[in-house]
Amino acid sequence: MTVVVARAPAKVNVHLGVGPLREDGFHELHTVYLAVSLFDTVSVRPGEGLSLTVSGEGTGVAGGPGAVPGDRSNLVWRAAELLAEQAGVPADAALDVAKTIPVAAGLAGGSADAAAALVALDAFWGTRAAREDLLALAARLGSDVPFSLVGGVALGTGRGEQVSPVLAGGRSHWVLGIAGEGLSTPAVYGELDRMRASGALPEVAGPAPAEPVVAALRGTSPTDLAGALANDLQAPALALRPDLRRALRAATDAGALAALVSGSGPTVAALARDEAAAVRLAAELAGVGVFRTVRAVSGPVPGARLVA
Ligand code: C5P
């Protein structure tokens, strides 16, 4: 039986500069995405019409706030419909998503699933979409989906969907700590707007530039990278989830060079000096009782790819 399998990585934003709210409801971003070694896998088998199953440790409690829908509200389903429509082929496929990337965690798990689905279905249906067409479809699905396709390290501008590669001098090693339930991305952006409007945070004319982190990534010093990490969504994520402060402190107390909230959270990304330090840090953080899940990862890794 024909089976096509693709996988795509989680991401951490090592810089996330957020500008004011735009008229279209999005925020102008200058962000630097780093793809890390935690992957979701999408398998495609023959089927009549579309069907979708979701399995794996990242799926959340069925029916709970972190649960992944197995219906057309899932980004994978929408990816399939869009690609079929664009290519003019019938949308026939049985899709399965095997998740290890936690849901609603600020790690772009849903975007990874959509990107992996585009790559898998493009091969399965033989649509041979041009790279630019897949990127344009990805941008329609979500702001982070183009990056999930390209992977590596990339600067994201616009609402994050315009990606261009960034030179990285070496690998960085991280521990991802997932604390408590997921956070809603629009809620975190909304809290940032409120904090800026009330004076709790300064108003900005545009997104903070990514140059410091881009310069640090060009070198190989993890301490330089630690000093350049920045995330404008961290303050609103902490306002919505004050317990995250303890999680960030636990990471630096355990020896992380730096720790920040990943994307809109609530995942804490803790930077380690090297791979051995990341393994030690993960073991320590697994024992402190703050995190539900702890993972040692590294990046950059490639974007959505077929699995042989
Ligand atoms: O593009 P995506 O579907 O991932 O965006 C989810 C939500 O996050 C948007 O509806 C918007 O509320 C918020 N967002 C934003 N500015 C961005 C990206 C996302 O305000 N650049």
Side-chain angles (χ1 to χ4, degrees), residues 8-35 40 58 65-66 68-69 71-82 97 99 101-118 134-151 154-164 182-197 201 203-210 230-237 239-241 261-267 303-304:
K11 60 83 185 158
V12 170
N13 301 81
V14 289
H15 174 91
L16 182 44
V18 182
L21 180 63
R22 305 192 316 202
E23 283 193 351
D24 63 0
F26 289 88
H27 295 73
E28 195 69 19
L29 301 186
H30 280 182
T31 189
V32 178
Y33 297 103
L34 171 71
D40 280 357
V68 182
D71 59 22
R72 55 190 321 154
S73 66
N74 190 301
L75 219 46
V76 164
W77 193 296
R78 288 174 43 212
E81 286 184 333
L82 269 184
V97 183
K99 292 198 66 68
I101 306 173
V103 176
L107 295 169
S111 303
D113 301 347
L118 286 177
L134 276 189
L135 283 169
L137 278 185
R140 285 173 62 191
L141 290 163
S143 306
D144 293 339
V145 184
F147 175 71
S148 300
L149 271 182
V150 301
L155 178 68
T157 54
R159 56 183 169 88
E161 89 287 14
Q162 292 163 32
V163 287
S164 52
L183 265 176
S184 138
T185 302
V188 177
Y189 274 102
E191 182 64 18
L192 176 65
D193 294 336
R194 269 191 297 282
M195 291 174 84
R196 285 176 170 170
L201 288 173
E203 299 264 16
V204 294
N231 180 1
D232 282 345
L233 292 182
Q234 178 160 311
L240 294 173
R241 291 278 302 278
V261 168
S262 174
S264 57
T267 298

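Here the structure is a predicted model, which is why all the values come from computation and not from measurement. For ligands, and for the atoms within them, numbers begin at 1 and follow the listed sequence.
The closest donor-acceptor contact from the side chain of Tyr189 to the backbone of Val18 lies at 3.5 Å or more, if one exists at all.
Within 4.0 Å of ligand 1, contacts by protein heavy atoms are made from Gly25, Phe26, His27, Leu29, Gly142, Ser143, Arg159, Thr185, Pro186, Tyr189.
In this structure the side chain of Leu34 never reaches within 4.5 angstrom of the side chain of Lys11, judged on heavy atoms.
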Can you list, pair by pair, the side-chain donor-acceptor contacts under 3.5 Å of residues 134-142, counting residues two or more places apart and other chains?
none

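In this structure, the salt bridge (charged side-chain N to carboxylate O under 4.0 Å, His left out) partners of Glu191, at least two apart in sequence or on a different chain, are Arg194. Under the side-chain hydrogen bond (donor to acceptor under 3.5 Å, both in side chains) criterion, Ser111 pairs with no residue at all, not counting sequence neighbours.
Ser262 and Thr267 are not linked by any side-chain donor-acceptor pair at a separation below 3.5 angstrom, with hydrogens and angles left out of the test.
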